[in-house]
Amino acid sequence: MKELFIKYKSVVRFVLLFLGSYTLLSILYAIYLKLSDGGKYFPDFVTQLVARQSNGVLSGFGYNSALVTEYTFPGISIQLNERIVGGIVEGCNSLSIIILFISFVIAFAENFKKTFLFLLAGAVLIYVVNIFRIVILVVALYNYPDWESFLHKIIFPGIIYGMVFFLWILWVKMLKPKPVHG
């Protein structure tokens with residue numbers, strides 16, 4: 001058993017770092033959500049911020065958009081031309097995807113500065129792409145409501161997860177190759 005552990009030390013290290021950081025960050029996120037419950041920002045601060053920024057981008061592009069908070073819905077509804085097109089819920093705020101991204105990068109961490117800068121740049125990029133993903137989704141749902149399931153469940157998750165996968169590949173390619181001792 002010891003030989004297997006030594007032979008696959010890098011795999012075991014990756015799994016432990018990934019699962020450990022993912023678990024820790026997920027617990028912290030769950031605590032954040034619990035503390036946000038019933039607070040000033042509905043449903044939570046980051047989701048509220050994402051909704052406002054998405055609405056701001058829509059308005060900036062000339063769309064007549066507005067946010068509507070109905071406490072019977074667990075998020076913030078978004079209107080285009082006075083028609084509710086969809087809703088922004090806690091799962092739309094990109095934090096769970098950022099947690100997944102961070103956990104993978106930490107599992108392959110090198111030096112602190114390089115890792116920290118990549119995490120910061122990647123998290124900001126994921127957040128910004130998520131805002132534009134929501135904006136494009138809202139416009140697409142307004143114009144093609146019959147395609148809601150396809151757009152919301154396949155195309156737009158594919159955009160954000162595809163970008164995270166691209167960032168992971170970029171991170172692995174940026175790593176210094178380890179010398180092989182044989």
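Computed from a predicted model, the values in this text were never measured in an experiment.
- For the pair F45 and L35, the minimum side-chain heavy-atom distance is 4.5 Å or more.
- Under the 4.5 Å side-chain contact rule for hydrophobic residues, L100 and L17 do not share a cluster.
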Working for side chain to side chain contact (heavy atoms under 4.5 Å, CB included), residues L167 and L125: CA-CA 10 Å; L167 288 172; L125 184 62; 4.1 Å; yes
Between V164 and W168, does the side chain to side chain contact (heavy atoms under 4.5 Å, CB included) criterion hold? Intermediate values first, please. CA-CA 6 Å; V164 170; W168 286 344; 3.6 Å; yes
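- Considering only heavy atoms from C-beta on, S54 stays 4.5 Å or farther from V138 through its side chain.
- For the atom pair CG (L33) and CG (N93), the distance works out to 7.5 Å, reported to the nearest 0.5 Å.
- I76 CD1 to F42 CZ: the interatomic distance, rounded to the nearest 0.5 Å, is 7.5 Å.
- Between the side chain of T115 and the backbone N or O of F112, no donor-acceptor pair lies under 3.5 Å.
- Taking the six-membered ring where the residue is Trp, Y29 and Y32 present parallel rings, their angle staying beneath 30° rather than reaching 60°.
- Put simply, the side chain of F156 reaches to within 4.5 Å of the side chain of I136, judged on heavy atoms.
- Expressed to the nearest 0.5 Å, how far OG of S21 lies from CG of L16 amounts to 10.5 Å.
- When side chains are defined from C-beta on, R133 does not count as touching M163, because their heavy atoms never get closer than 4.5 Å.
- Grouping Ile, Leu, Val, Met, Phe, Trp and Tyr residues whose side-chain heavy atoms lie under 4.5 Å apart, directly or via other members, leaves I84 alone, with no other cluster members.
- The side-chain heavy atoms of Q53 and Y127, taken from C-beta on, include a pair separated by under 4.5 Å.
- For F108 and F14, the gap between ring centers is short of 6.0 Å.
- Under the 4.5 Å side-chain heavy-atom criterion for grouping Ile, Leu, Val, Met, Phe, Trp and Tyr, L119 is connected to I169 within one hydrophobic cluster.
- Taking the side chain as every heavy atom from C-beta outward, V139 and L58 approach each other to under 4.5 Å.
- For the atom pair F132 CZ and L137 CG, the distance stands at 14.5 Å (nearest 0.5 Å).
- Cluster annotation: L80 is connected to F61 through the hydrophobic network of ILVMFWY side chains, with a link wherever side-chain heavy atoms come within less than 4.5 Å.
- Side-chain contact between S149 and I154: absent, with no pair of heavy atoms (C-beta onward) separated by less than 4.5 Å.
- Partners of S65 according to the side chain to side chain donor-acceptor pair (under 3.5 Å) rule, which considers only residues two or more places apart in sequence or in another chain, are N55, S59.
- Under the 4.5 Å side-chain heavy-atom criterion for grouping Ile, Leu, Val, Met, Phe, Trp and Tyr, Y63 is not connected to V68 through any hydrophobic cluster.
- The distance from atom CD1 of I102 to atom CD1 of I99, rounded to the nearest 0.5 Å, is 7.0 Å.
- Rounding to the nearest 0.5 angstrom, the gap separating the CD1 atom in I31 from the OG atom in S36 is 11.5 Å.
- Among F165, F166, F118, the one residue that satisfies the ring-ring contact (aromatic ring centres under 6.0 Å, His included) test with W171 is F118.
- Counting only heavy atoms from C-beta outward, the side chains of T47 and V89 never approach each other to under 4.5 Å.
- Side-chain atoms of D44 come within 3.5 Å of backbone atoms of V46 as a donor-acceptor pair (strictly under, hydrogens ignored).
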